Structure formats: C-alpha cells, structure tokens
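Comments concern the structure below.
These numbers were taken from a predicted model, which means no experiment stands behind them. In what follows, chains carry the letters A, B, and so on, assigned in the order in which the sequence lines appear, proteins first and then strands, with residues in each chain numbered from 1.
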Amino acid sequence: MLSRDLLREKPEAVARSLADRGVEGEPVVRWVELDEARRSSIAEVEELKRRRNEASKAIGAIKKSGGDATDEIAEVGTLKSRIEEVETRRAEAEEELEALELSLPNLAKPDVPVGPDEASNRLERTVGEPRRFDFEPEAHWDLGPRLGILDFERGARVAGARFTALFGAGARLERALSQFMLDLHTTEHGYTEVLPPFLINADALVGTGQLPKFEEDLFKVQGTGYYLVPTAEVPLTNLHRGEILEEDELPVRYTAWTPCFRSEAGSYGKDVRGLIRQHQFQKVELVQLTTPETSDRALAELTGHAERVLQLLELPYRVVTLSTGDMGFGAARTHDLEVWLPGQQAYREISSCSDCEAFQARRANLRYRPADGGKPRFVHSLNGSGLAVGRTLVAVLENYQEANGTVTVPQALRPYMGGLERIGG
RNA sequence: GGAGGGGUGGCUGAGUGGUCGAAAGCGGCGGUCUUGAAAACCGUUGAGCCUUCGGGUUCCAUGGGUUCGAAUCCCAUCCCCUCCGCCA
C-alpha cells in the first residue's frame, strides 16, 4: 500500500511514478475522489454519533432520576436511521478505496532505471569469469539424467509437468546446498533461522502483496483457506504482522529454508526443460525488518549476503538493478543476482533482493516504536533469495562438469556431502 | 472427531448493561533521593481515523444481533487451552 499522505499531497507525482511501472488509467484521480467521499462521510457520521451519544447519556441521567425520556428515545431513533444511511455510504467508499489501494504497486525509488521490461535493467557489476571449457558443456537437463541424479520423467509420472525427482547424489547435493546456505546466513550474517508453516492464510498473502492481485499464481488447498507457500518471504515477513516492535529489536533478520509452490500460470512454453521453472522448488530466503532510515543500507547488505553464497561456491554471476517495468509488485528497488549457466550460455536469475520500504508494512500493519518513545512508525521490509536452491544446483552441475562427464563437488560443499569430491564416474 | 474452558492495553490480570479506553500489578518514560546505581517515593504512559486543531469518533478475537445505551446479553466464525479418541 502506498502512503495516504503522499497520495493526498502529491497525487500528480504518484501518478507519474505509477505510469513508470505500467499502471494504466487514472487510478490516482479515482483515489482522490474516493478519499474525499470517505472523509466527508466520516465527518458526517461522526457528528451524528456525537449527538446520539449525548442523547443516550441524557436518557441515562433522566432514567436514574426517575423521569420520562420518551422524547429523547425518539430522537435517538431518528439519529440511528440517519447514521445507518451515511454509514452505508462511508462503507462503500471505504471498500472501493481499499480495493484500489491493494491493487496499486509500490513506487520505484528515484534512482531505479525507468523502462518497460528487463531490457532496461542496469548492470551493476560482474563477478567471476565464466570458465572456458575445452569441450561442449552439457545443459543440466542432459547431464542430470545421464548421471542418474535428476529424473524429469519420473517426476512427471508422480506429479506432472514441472516436477522433478532427485536421486542419490542429486538429492544429497540439494540438501547440502540448503544446509550450507542456512549455516552461512545464521553464523556469519546474523540471521535467525526460522522454520515457518508451509501452508499460509490469505491475510499473510495480502500482507506481502501476493493477494488480492496474483491469486492465479498460487496453489490453494481446496476446502480450506490455506495456500501453499510461494516463497518464505510471506510467512517470514508476516510473523510480526500487527505488532509494534521496539526499535532496539530492529533490524529483525530471519532466514528460512522452505519449499516454494507456484502455479506458473501464464508461463506456458517458458523454460520447459530442466529445473529452472518448477511448480515446486526449495529456497533459502532472507528477510529483514528495519527502520526507514536504514533500509537502503540493509538492501545492499542483504544482496551481499546472497552474493556471498555464489562467491563461496565460486560461481560467476552478475548483479543487475531491475527497471521499473521488471520489478515485483511490492518492491521499491530490486537487485537480481544472475548466475552464469554454461549449458545455456546465459546469465540466469538465481536471487532477487528487494527493499519494499513501508509498502508491505502498511498492508501487514507492521510497526515499531522509536527509541525516543514517539508514535509507532511502519518498519521497512526487505527480502531476498539466499539462494534459490534448485537453480543453484543447476549452476553447480553446469559449471563444475568435467570432460569425462563427471561433476566436481565445490570445495565449500564437500563437508556437507560427506567428503564426496566427485559425482559420477 | 467428542466434552469442557477461554480470547481485555507492551505483559499479567480485574471488570457480567450506563459516567469504562477500561482497576491493580509489572514493564516503559519523567522526577525526588544518591558521588553514581539500585531500592523507595511522586507523576506519567494504548492504537487508528476525522478535524473548522477546540475537539470528535472508533477499537476489549472477528462479523452480525438485542438495547435509548454493550467489554458485559444473544448468534455465527476464527483462534488458544484442558481432557478423551485417533495419529507422525
């Protein structure tokens, strides 16, 4: 949700900023109309309520002294019907206003590149050199099945398209990566490990912005109000929903390993081969709650925490800042990490790190009390993948493959693989 | 699944129809005392919304209802706890 104060004070600026994000029409104009309708009906209904409360008090006093309050009771009756009438108008304006507010994306920070899609993303830095192969590197969808560690056909048999089964060293590698990432973030980056529910309710999804707009991207459990978690960002960010934290509790830093479930509606024909785009994948997520003053720095740090994983695995990658047209709904600034995949001769997204400022905090009513004891303020929330485990597994397989068809286990992972140095062969 | 109990402010916990946004304690903040701190004592301390900035209004799990008037009575829903059954 955007700040109401900002919408009232600078509606034109908000409209321009939303246009950068591809929001069509005149939602801000409509917002201003609804806000005015809402406020005038509130003023009216509150004045009527004031008179009603006064009359009720008078009735109490009259009855206490044994008098006759017939006239006053009649007056309250009249006021009540008028209150009901105006209250209906207020509720209608409020409902449309809230629906509108929940549908508007966050505004991009001023330095975010403006553009319609990923072509406008800004390259920040490239880290590590893609390795030169003296043979034709295989894509993981060939390499994995050949080594018997990835099985797309059997995954499809028990579930369907976009599901995969991992066997032996493949399953172990997935687990090793997860453990490695969690250990890194908890012991070196100051995150508290959380194991959150994998089924979550609609309120949580509204809090982080997946609902009400992106319901079709989610799996919903039939006959219940639950959804399969699409990213640990949702449960982690919502853990403190509705709370007022103390400033000295900030920053809150949580990391969690969870499976992530996505319907991938609308991505027909995209990344149909391999592990890149699955209905279920595992991810280690990083979430921070900070003061407004520190979220910029926190995003840089959080991005660095995710990068550290790639550095320790010695995988080449680059960092891009997403353009206004490519950013997610709730983000004010997003850095994507893209890892080099030799099998595809391309950099592919492996982490997305975002500062949502107060956008999610407003939705989730997530505040903190300043140390000086002042009024509660909304926190800033940040999240990032640290990293998508399945895609990291792909990157390891493709970057560490050898001419003899085997895969070298990266040094950093060997303690988690029982000392295994090589997969296959 | 069956039976029962309960959801009140940052926390504990009173309050069963009117002046209750709500006792008391703890915690927080300010002060007295002290070289300093602790203790003690005094004062203060919820959040949202509207505002002509005087004030008004709403909130005691959530949503309805009864009543001139609801934290308090009724209904539904959600959540938590205890016991029984089942179960990893």
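B/G27 and B/U34: their P atoms are spaced 23 Å apart (whole Å). A distance of about 42 Å separates the P atoms of B/G17 and B/G30, rounded to the whole Å. Atom P of B/A3 sits at a distance of 14 Å from the matching atom of B/U77, rounded to the whole Å. If you take atom P in B/A14 and the same atom in B/A37, they sit 37 Å apart, rounded to whole Å. On the C1' atoms, B/G21 is 8 Å away from B/G46, given to the nearest whole Å. Here, B/U67 and B/G48 have their P atoms 34 Å apart, quoted to the whole Å. Using P as the reference atom, B/A38 and B/U32 are 14 Å apart when rounded to the nearest Å. Comparing the C1' positions of B/C42 and B/C20 gives a spacing of 26 Å, expressed to the nearest Å.
Of the side-chain N and O atoms in A/Arg38, one or more sit less than 4.0 angstrom from OP1 or OP2 of B/C50. The side chain of A/Arg90 contributes no N or O atom lying less than 4.0 Å from OP1 or OP2 of B/C50. For B/U58, the OP1/OP2 oxygens have a side-chain nitrogen or oxygen of A/Asn53 closer than 4.0 Å. For A/Arg52, a side-chain nitrogen or oxygen approaches OP1 or OP2 of B/U58 to under 4.0 Å.
Side-chain atoms of A/Arg90 do not come within 3.5 Å of backbone N or O of A/Ser41 as any donor-acceptor pair. Side-chain atoms of A/Asn238 come within 3.5 Å of backbone N or O of A/Ala204 as a donor-acceptor pair.
Atoms CD (A/Glu87) and C1' (B/G65) sit 16 Å apart, rounded to a whole Å. Straight-line distance from the CZ atom of A/Phe378 to the P atom of B/A47: 13 Å, rounded to whole Å. For the pair A/Glu54 CD and B/G56 P, the interatomic distance rounds to 10 Å; values are reported in whole Å. Atom CZ of A/Arg51 is separated from atom P of B/U57 by 13 Å (rounded to the nearest Å). A/Arg369 places its CZ atom 17 Å from the P atom of B/G27, with the value rounded to the nearest Å. A straight line from CG of A/Asp248 to P of B/G27 spans 17 Å, rounded to a whole angstrom. Between the CE atom of A/Met1 and the P atom of B/G48 there is a distance of 13 Å, given to the nearest Å. As rounded to whole Å, 15 Å separates atom C1' of B/C11 from atom CG of A/Leu245.
In this structure, a donor-acceptor pair under 3.5 Å is absent between the side chains of A/Arg50 and A/Asn53. No side-chain donor-acceptor contact under 3.5 Å links A/Glu75 and A/Thr78. Looking only at atom types and distance, the side chain of A/Lys283 has a donor-acceptor partner in the side chain of A/Thr231 under 3.5 Å away. Between A/Thr321 and A/His335, the side chains place a donor N or O and an acceptor N or O closer than 3.5 Å (distance only, hydrogens not considered).
Between A/His189 and A/His305, the ring planes are parallel. Angles under 30° get that label, and only those over 60° would be called perpendicular. Taking the six-membered ring where the residue is Trp, A/Phe163 and A/His279 present tilted rings, their angle falling between 30° and 60°.
Listed candidates were B/U51, B/G56, B/C68. Nearest to the side chain of A/Lys63 is B/C68. The side chain of A/Arg367 approaches B/A47 more closely than any other nucleotide in the set B/C50, B/A47, B/C68.
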Quick one: which protein N/O atoms are closer than 3.5 Å to N/O atoms of nucleotides 71-79 of chain B? Pair and distance per line, please.
none

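A 3.5 Å limit on both hydrogen-bonding distances identifies no Watson-Crick or G-U partner for B/G69. B/A40: Watson-Crick or G-U partner is B/U32, with both key distances under 3.5 Å. Base pairing of B/G1 is made with B/C84, judged by Watson-Crick or G-U wobble geometry with both donor-acceptor distances under 3.5 Å. With a 3.5 Å ceiling on both atom-pair distances, the Watson-Crick or G-U wobble partner of B/G25 is B/C11. Nucleotide B/U62 forms a Watson-Crick or G-U wobble pair with B/A76, both donor-acceptor distances falling under 3.5 Å.
Using a 4.0 Å heavy-atom criterion, one finds that A/Lys375 contacts the sugar-phosphate atoms exclusively. At a threshold of 4.0 angstrom between heavy atoms, the contacts of A/Arg8 are confined to the sugar-phosphate backbone, with no base atom among them. Using a 4.0 Å heavy-atom distance criterion, A/Asn365 is classed as making no nucleic acid contact.
Annotation: of the two residues near RNA chain B, A/Glu246 and A/Val45, the 5′-most nearest-nucleotide partner is A/Glu246. The nearest heavy atom of RNA chain B to A/Ile42 and to A/Pro376 marks one nucleotide each, and the one closer to the 5' end goes with A/Pro376.
The pair A/Asp203-A/Arg363 does not meet the salt-bridge criterion, since no charged nitrogen lies less than 4.0 angstrom from a carboxylate oxygen.
Shown here is A/Glu84, whose CD atom has no more than 12 heavy atoms of other residues, nucleotides or ligands within 6.0 Å.
Taking the syn range as angles within 90° of 0, the glycosidic angle of B/G64 is outside it, so the base is anti.
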